[in-house]
Visitor: 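Below is one structure. I have some questions about it.
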Amino acid sequence: MSLNHQTPEFIESDNPGREINYPQGVTEIIFGQFGFQAPEAGHAEEFISTSRRYFALENGPARVERCHGVSSGVHEDILIAYWLSRESYENWLASSNFPEWWESLSPDGPFGYWREIVSPDIGRVGGVYFGLASDRHVGLTSLLGAPPTQRWGYWGGYRDRMRASQQDSFEPELGVEPLPRRRPNTLGRRVIVDAPNNILLVREGQESTYVTGAIERKSWDTEVKPALAKWIKYLAENPELSGALVVREVAELELETGESTEKLSQLIYFQSLRHLERAARTQPSHVALYNSYMKMLGEVGAAGETAQLVVWVDQFLVQTGRMLAEYINCDPQLGLLPWFDAVDS
């Protein structure tokens, strides 16, 4: 199947919330993270440039983004890639020589490499987006339409925005009890992690590029952004309670130059959708974040203005056998390594 990637249709609306459309012919989404790990910044350019050369080949990803973060003192440079069909993704793998290059990456030395690629059915993909415009798209809305929606602002919206939820309760394969944290011996090895059914990958994002009004800028800088930081800090520091097994807090960079932007992303794996729903509903830091955002919308609206802060979520519910998580010479606490069995690849 060949898809014509055009700018998604934008429908004007007073409703600030939007969700992705499911166009005919799109049956699944391939979402990949390709990462480089180093003890300090400044070593990733060769990995980034080589990966991008492969991505630019025929059947490469329809969208590529770049970001950087630091976790436990380790620097991670990440390329995020979206494909709109498995056929395109598999054809790219077969014709690009990317697999051979990836296999050549050494498990020895100071650097680590990893890839986490999920390919859920479209009914297990969702998202909600605020602050978009006809020339302003993020995440999946860069590739798919984003009509107005009422499915936001209430507990249960995450579930309702995945249409497979009408037939599937998405029960966690490993139950709801906290998982034991491990410290596997992964340095100097190439390993694959077998992820269980129904773990949830969330990409949350915020962009303040278009925020020019004084009221909204002050609210973002002094209330919403600090509240967001507290929520993410809670998730990262309390995986057993929150079910947030992996929390990558990253700054998005210009793809070509690596320069800073006013875009943030949080890439989070939850043990299950149920874990996210419980944490979002009961954790005071998330309730405070929600309240601060709604307060900002109210204040901006009362001033006769329209909020320009872009706030959004892509969500992917992983299916058994539909995820590749591979780590080469990586820190044992990276990604899914501390939570699930790792075997040599």
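Note that these values count all heavy atoms, side chains included, but never hydrogens, waters or copies made by symmetry.
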Visitor: For a side chain to side chain contact (heavy atoms under 4.5 Å, CB included) check, start with the C-alpha distance between Tyr129 and Leu140, then their side-chain angles and the critical distance, and finish with the verdict.
Guide: CA-CA 10 Å; Tyr129 312 85; Leu140 282 169; 3.8 Å; yes

Visitor: Within the 4.5 Å heavy-atom criterion, are Leu174 and Phe340 side-chain neighbours or not?
Guide: yes

Visitor: Can you say whether the rings of Tyr54 and Phe98 are parallel (under 30°), tilted (30 to 60°) or perpendicular (over 60°)?
Guide: perpendicular

Visitor: What is the minimum heavy-atom distance between His275 and Val176, and which atoms define it?
Guide: NE2-O, 3.2 Å

Visitor: Trp155 and Val128: same hydrophobic cluster, using ILVMFWY side-chain contacts below 4.5 Å?
Guide: no

Visitor: Please say whether the positively charged group of Arg190, taken as NZ for Lys or CZ for Arg, lies over the ring of Tyr327, i.e. under 6.0 angstrom from the six-membered ring centre and within 45 degrees of the axis.
Guide: no

Visitor: Do Phe36 and Glu76 make a side-chain contact, defined as non-hydrogen atoms from C-beta onward lying under 4.5 Å apart?
Guide: no

Visitor: Apply side-chain hydrogen bond (donor to acceptor under 3.5 Å, both in side chains) to the pair Gln333 and Arg181, showing each step before the final yes or no.
Guide: CA-CA 9 Å; Gln333 295 304 298; Arg181 194 174 191 121; 2.8 Å; yes

Visitor: Testing the basics here: between Thr306 and Val300, what is the closest heavy-atom pair and its distance to 0.1 Å?
Guide: C-CG1, 3.7 Å

Visitor: If you take the centroid of each ring, where Trp contributes its six-membered ring, are Phe34 and Phe55 closer together than 6.0 Å?
Guide: yes

Visitor: Is there side-chain contact between Arg63 and Trp83, with at least one heavy-atom pair below 4.5 Å?
Guide: no

Visitor: Taking the six-membered ring of Trp114 as reference, does the NZ or CZ atom of Arg248 fall below 6.0 Å from its centre and within a 45° cone about the axis?
Guide: yes

Visitor: Distance alone, cut at 3.5 Å: any donor-acceptor contact between the side chains of Gln319 and Asn197?
Guide: no

Visitor: Does some side-chain heavy atom of Pro239 sit less than 4.5 Å from a side-chain heavy atom of Trp339?
Guide: yes

Visitor: If you look at every heavy atom in Ser242 and Ala279, which pair is closest and at what distance?
Guide: O-CB, 4.2 Å

Visitor: Which is it for Val211 and Val310 under the side chain to side chain contact (heavy atoms under 4.5 Å, CB included) test, yes or no, and what are the steps along the way?
Guide: CA-CA 9 Å; Val211 177; Val310 181; over 6 Å; no

Visitor: So which heavy atom on Asn329 is nearest to which on Gln37, and how close?
Guide: O-OE1, 4.2 Å

Visitor: Would you check if Leu143 and Val26 make a side-chain contact, meaning some heavy-atom pair closer than 4.5 Å?
Guide: no

Visitor: Please determine, by modelled atom types, if Ser119 and Glu28 share a side-chain donor-acceptor pair under 3.5 angstrom.
Guide: no

Visitor: Could you tell me whether the side chain of Phe316 reaches within less than 4.5 Å of the side chain of Asp314, counting heavy atoms only?
Guide: yes

Visitor: Determine the minimum heavy-atom distance between Ser292 and Ser219, stating which atoms define it.
Guide: O-OG, 4.5 Å

Visitor: Flag yes if Met323 and Leu84 sit in one hydrophobic cluster, no otherwise; membership is Ile, Leu, Val, Met, Phe, Trp, Tyr, and two members link when side-chain heavy atoms are under 4.5 Å apart.
Guide: yes

Visitor: In terms of side-chain heavy atoms, does Arg136 have a donor or acceptor partner in Gln308 at a distance below 3.5 Å?
Guide: yes

Visitor: With heavy-atom distances below 4.5 Å as the criterion, would you say the side chains of Arg66 and Glu254 are in contact?
Guide: no

Visitor: Apply side-chain contact (heavy atoms from CB on, under 4.5 Å) to Asn91 and list each qualifying residue two or more places apart in sequence or on a separate chain.
Guide: Asn59, Glu87

Visitor: Please give me the minimum heavy-atom distance between Arg203 and Tyr82, naming the atom from each residue.
Guide: NH1-OH, 2.9 Å

Visitor: Taking atom types as modelled and ignoring hydrogens, do the side chains of Arg274 and Asn198 form a donor-acceptor contact shorter than 3.5 angstrom?
Guide: no

Visitor: Could you walk me through whether Val191 and Val343 pass the side chain to side chain contact (heavy atoms under 4.5 Å, CB included) check?
Guide: CA-CA 5 Å; Val191 298; Val343 297; over 6 Å; no

Visitor: Quick one, His68 with Val70, criterion side chain to side chain contact (heavy atoms under 4.5 Å, CB included). Give me CA distance, side-chain angles, the key distance, then yes/no.
Guide: CA-CA 7 Å; His68 176 268; Val70 180; 3.9 Å; yes

Visitor: Looking at OH of Tyr158 and CG of Leu276, how far apart are the two atoms once the value is rounded to the nearest 0.5 Å?
Guide: 5.5 Å

Visitor: Treat each ILVMFWY residue as a node, draw an edge where side-chain heavy atoms are under 4.5 Å apart, and state whether Tyr89 and Ile192 are in one component.
Guide: yes

Visitor: Can you tell me which residue among Tyr210, Trp152, Trp312 is in a ring pair (Phe, Tyr, Trp, His ring centres under 6.0 Å) with Phe130?
Guide: Trp152

Visitor: Could you list all the side chain to side chain donor-acceptor pair (under 3.5 Å) pairs where at least one residue sits in residues 103-113, not counting sequence neighbours?
Guide: none

Visitor: If I take atom CZ from residue Arg217 and atom CD1 from residue Ile215, how far apart are they, to the nearest 0.5 angstrom?
Guide: 14.0 Å

Visitor: For Gln206 and Glu262, test the side chains for any donor-to-acceptor distance below 3.5 angstrom and give the result as yes or no.
Guide: no

Visitor: Please indicate whether Glu58 has more than 12 foreign heavy atoms, meaning atoms of other residues, nucleotides or ligands, lying under 6.0 Å from its CD.
Guide: no

Visitor: Tell me if the CG atom of Asp168 is crowded by more than 12 foreign heavy atoms within 6.0 Å.
Guide: yes

Visitor: Going only through I, L, V, M, F, W and Y residues with side-chain contacts under 4.5 Å, is there a path from Trp231 to Leu241?
Guide: yes

Visitor: If you define the side chain from C-beta out and look only at heavy atoms, does anything of Glu223 sit under 4.5 Å from Lys295?
Guide: yes

Visitor: Heavy-atom count check: over 12 atoms from other residues, nucleotides or ligands less than 6.0 Å from Glu100 CD?
Guide: yes

Visitor: Under a 4.5 Å side-chain heavy-atom rule over Ile, Leu, Val, Met, Phe, Trp and Tyr, are Met294 and Val311 clustered together?
Guide: yes

